[in-house]
Amino acid sequence: MNKYRTHNCGELTKKNTSKDIILSGWVNKKRDHGNLLFIDLRDNYGVTQCVIDKSNKHFIKLEKIQLESVIKILGKVVERDKDTINLELKTGEIEVVIDTFEILGHCKELPMPIFTDQEYAEEIRLKYRFLDLRRKKIHENIILRSQVISFIRKEMNELGFLEFQTPILTSSSPEGARDFLVPSRLNPGKFYALPQAPQQFKQLIMVSGFDKYFQIAPCFRDEDARADRSPGEFYQLDLEMSFVEQEDVFNVVEKLMINLFKKFSSKKILSNKFPRIPYKEAMLKYGTDKPDLRNPLLIYDLTNVFTREDVKFDIFKKLVKSGSKVRAIVTKNTKDKPRSFFDNIDKWAKSEGGSGLAYFTIENQNEVSAKGPVGKFFSKQSLEEIMKITGAKIGDSIFFACGKIKDVEKISSLAREKIAHDLNLIDKNSFAFCWIVDYPMFEIDDDNKIKFSHNPFSMPQGDIEKIDFKNPLNIKAYQYDIVCNGIELSSGAIRNHRPELMYKLFSLAGYDKNQVDEKFSGMINALSYGAPPHGGIAPGVDRILMLLADEKNIREVTMFPMNQNAQDLMMNAPSEVSENQLKELNLSLKKRK
RNA sequence: GGGGGUGUAGCUCAGUUGGUUAGAGCGAUCGCCUGUCACGCGAUAGGUCGAGGGUUCGAGUCCCUUCACUCCCGCCA
């Protein structure tokens, strides 16, 4: 028999009545009646109420026990009286009458309470993460994480995927995020990089003929944190398949996501076939390539309306003449909303750094007219054109933004979210997945240089012999994102497995052949020894968990996260190292100013 | 790198227009209490008001600097 327990704290029921049992666990709560003491004993599996009274010689000692101490209890299971049953506990029909007990691990005075729903400061939570993790909600989130990962492994195995590990110490690559670097002792002056993703390795696995690969892969990117982005490391369900087209990857991922989200959430999935939205359309209708499709609002381009003679809104007209765009959002039946509703949104837009939003409401008093600060600038005919383009009806309101295309996309996208939020238009009980497809291969950066817009290893669309390299910005790629509820879960692509084409595309982005050979030596070399057509994707495990656990912050689904400054407050990382360690690595530190 | 928010007892927070000795709940310690499950009742201890500087007769409160945590922008192929 086990020395510490015969049962766990979540399994005793009426069936165990009169049995002598041993339980071990944490003192969750004490209720001391002076001559009668209740102790809620907690472990991973549940809580069991234990009781002792002053006739027991251990009573006085147990009365003094600190919360969160670990104790072992020997006692007898008894059925509770009907009026003392606690339906909130799985074990609520019984209690354990304590015979003797033993302290297994004493607990000092706690830096924060465990048994409470109270929020407390992140700094304390992270420093005492082992205590924080005892709390119900986050404890359950971490268990969910384990179950989700097991489920993914099982599903992927059933789909014929093989799981492989890839190196953690690898080489730095010029594209993408900032790398974490690790100095090499045996190669002074040289550095490994932690992989931002196993991108090249998984393609090499395809070249090696393994056909279908997956991995719950750690990825390291030295970028600043956000609520949904851990500093340092995160996990992806990295997968890659040979001899596939885009649709084949979509089929695997759609099936997996639906099974996963059905199993671990009761929220409904809006469509089992995820809509496919071309990048260009997404940027127009939603102002972003990660649209929240739970939000029914759409964005319309009204630039041409502002070239009409009978529209007198000169500020916008001038901007349009110099190349700016006008985008609009229609809100249904908002004619009776108070002035403050409109002004708040305008004020909010200004606080986002824009020039605010113009707006009016369409009315019909004798004839169609616009009511609002800028309404008088619009003729009846121009309003009818606006109504035709946007589908707006009498009683609806229209918000306008005007600016350079990037700025107007951004503010209209944010306004779409803000207005939907204010009008309570978003169904919080659903998951709306979609694919964003047809990404451009290249884009122009601020210095007017052509660069890869996504993954440089993506396959361009169309007949390879007929690609128009003279107009690189028109080249689309087999590059796709999967988005759920406005959160980008993943990017993927059908890869470019032809070295000549790869050199050509890299040359457009300013890399000559030698640079490509040097920077991507492993892969470009491999592709010239018989590479299969292949493609894949890498959904973010942490973000999937945030959706399933309904958490706004990635730390709530991460066992041992770092803080915003990429420090582990519990382990004191990063930390200084000894002179000797630096010497071995051939490193010396600059004096900090 | 930039912008916003927060910082008062171990924890969560209140603290009015700048005004006497900075409060509450939980926790801790001590006492009372035999059916609670957020048990109850009473008492006690516990404070560099994040830090530094300034204005003022007087600063938790106003100003400046700085630190920590956090959210956002930049960044994230």
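We name chains A, B, ... by the order of the sequence lines, and we start the count at 1 in each one.
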With sugar-phosphate meaning primed atoms plus P, OP1 and OP2, does [X] contact a base, only sugar-phosphate, or nothing at under 4.0 Å between heavy atoms?
| X | result |
| --- | --- |
| A/Arg125 | nothing |
| A/Tyr120 | sugar-phosphate |
| A/Ile124 | sugar-phosphate |
| A/Pro113 | sugar-phosphate |
| A/Gln199 | base |
| A/Asp228 | nothing |
| A/Lys29 | sugar-phosphate |
| A/Asn565 | sugar-phosphate |
| A/Lys64 | sugar-phosphate |
| A/Ser453 | sugar-phosphate |
| A/Asp222 | nothing |
| A/Lys552 | nothing |
| A/Gln564 | base |
| A/Glu68 | nothing |

CD/A/Gln567 to CD/A/Glu123 distance, rounded to the nearest 0.5 angstrom?
->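 Between A/Gln567 CD and A/Glu123 CD, I get 9.5 Å after rounding to 0.5 Å.
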Any chance you could measure A/Tyr480, atom OH, to A/Ser490, atom OG, to the nearest 0.5 Å?
->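 One finds 8.5 Å between OH of A/Tyr480 and OG of A/Ser490.
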What nucleotide among [options] has an atom nearest to a side-chain atom of [X]?
| X | options | value |
| --- | --- | --- |
| A/Arg555 | B/rC37, B/rC71, B/rU34 | B/rC71 |
| A/Ala121 | B/rC71, B/rU12, B/rC69 | B/rU12 |
| A/Ala227 | B/rU29, B/rC72, B/rG74 | B/rC72 |
| A/Asp53 | B/rU36, B/rA68, B/rU34 | B/rU34 |
| A/Glu109 | B/rG35, B/rU70, B/rA28 | B/rA28 |

To the nearest Å, how far apart are [X] [atom1] and [N] [atom2]?
| X | N | atom1 | atom2 | answer |
| --- | --- | --- | --- | --- |
| A/Ile114 | B/rG27 | CD1 | P | 14 Å |
| A/Ile98 | B/rU36 | CD1 | C1' | 14 Å |
| A/Gln118 | B/rG10 | CD | C1' | 12 Å |
| A/Asp40 | B/rA38 | CG | C1' | 11 Å |
| A/Asp32 | B/rG27 | CG | P | 12 Å |
| A/Leu67 | B/rC26 | CG | C1' | 11 Å |
| A/Glu119 | B/rC69 | CD | C1' | 14 Å |
| A/Arg31 | B/rC41 | CZ | C1' | 18 Å |

Give the intermediate values and the outcome of ring-ring contact (aromatic ring centres under 6.0 Å, His included) for residues A/Phe520 and A/Phe457.
-> CA-CA 10 Å; A/Phe520 305 102; A/Phe457 307 130; 5.2 Å; yes
Regarding [N], can its base be found pairing with the side chain of [X] as donor and acceptor, where the two atoms are less than 3.5 Å apart?
| X | N | result |
| --- | --- | --- |
| A/Gln49 | B/rU36 | yes |
| A/Arg229 | B/rC75 | yes |
| A/Asp224 | B/rG74 | yes |
| A/Arg221 | B/rC75 | no |
| A/Glu223 | B/rG74 | no |

On RNA chain B, nearest-nucleotide positions of A/Leu126 versus A/Met112: which is more 5'?
->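 Mapping each residue to its closest nucleotide by heavy atoms, the 5'-most match is A/Met112.
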Residue whose nearest RNA chain B nucleotide is more 5′ - A/Glu63 or A/Phe38 =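 Upstream on the strand: A/Glu63.
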What about the rings of A/Phe442 and A/Phe452, do their centers lie closer together than 6.0 Å?
->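 Yes: the rings meet the under 6.0 Å criterion.
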What distance, rounded to whole Å, do you find between the two [atom1] atoms, one in [N] and one in [M]?
| N | M | atom1 | answer |
| --- | --- | --- | --- |
| B/rG42 | B/rA24 | P | 13 Å |
| B/rG31 | B/rG19 | P | 42 Å |
| B/rG15 | B/rA9 | C1' | 14 Å |
| B/rG54 | B/rC11 | P | 30 Å |
| B/rG10 | B/rG53 | P | 23 Å |
| B/rG25 | B/rA14 | P | 16 Å |
| B/rC75 | B/rG18 | C1' | 44 Å |
| B/rA68 | B/rG50 | C1' | 7 Å |

What are the two closest heavy atoms between A/Pro456 and A/Phe506, and how far apart are they?
->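 Answer, listing the atom of A/Pro456 first, then A/Phe506: CB-CZ, 3.6 Å.
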For residues A/Asp238 and A/Ala217, report the shortest heavy-atom separation together with the two atoms involved.
->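 The answer is CB-CB, 4.0 Å.
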Establish, with yes or no, whether the OP1 or OP2 oxygen of B/rC71 is under 4.0 angstrom from a side-chain nitrogen or oxygen of A/Asn553.
->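 Yes, such a contact exists.
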Within the pair A/Lys290 and B/rC76, is there a side-chain N or O less than 4.0 Å away from OP1 or OP2?
->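 Indeed not, no polar side-chain atom of A/Lys290 lies that close.
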Side-chain donor-acceptor contact under 3.5 Å, A/Gln49 with A/Arg31 =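 Yes, A/Arg31 and A/Gln49 have a side-chain donor paired with an acceptor closer than 3.5 Å.
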Please give the nucleotide sitting opposite [N] as a Watson-Crick or G-U wobble pair, both distances under 3.5 Å, or none.
| N | value |
| --- | --- |
| B/rG47 | none |
| B/rG25 | B/rC11 |
| B/rG35 | none |
| B/rC30 | B/rG42 |
| B/rU6 | B/rA68 |

Apply salt bridge (Lys or Arg N to Asp or Glu O under 4.0 Å) to A/Lys290 and A/Asp481, showing your working.
-> CA-CA 8 Å; A/Lys290 37 185 180 180; A/Asp481 277 11; over 6 Å; no
Report yes if the side chains of A/Asn471 and A/Leu473 come closer than 4.5 Å at any heavy-atom pair, otherwise no.
->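 The answer is no, as the side chains (C-beta and beyond) never meet within the 4.5 Å cut-off.
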Verify the stacking flag for A/His33 against B/rC39: centroid separation must be under 5.5 angstrom and the ring planes must differ by under 30 degrees.
->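 One would call A/His33 stacked on the B/rC39 base.
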Mind checking salt bridge (Lys or Arg N to Asp or Glu O under 4.0 Å) for A/Glu443 and listing every partner two or more places apart, or none if nothing turns up?
->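 Counting only residues at least two positions away or on another chain, A/Glu443 forms a salt bridge (Lys or Arg N to Asp or Glu O under 4.0 Å) with A/Lys451.
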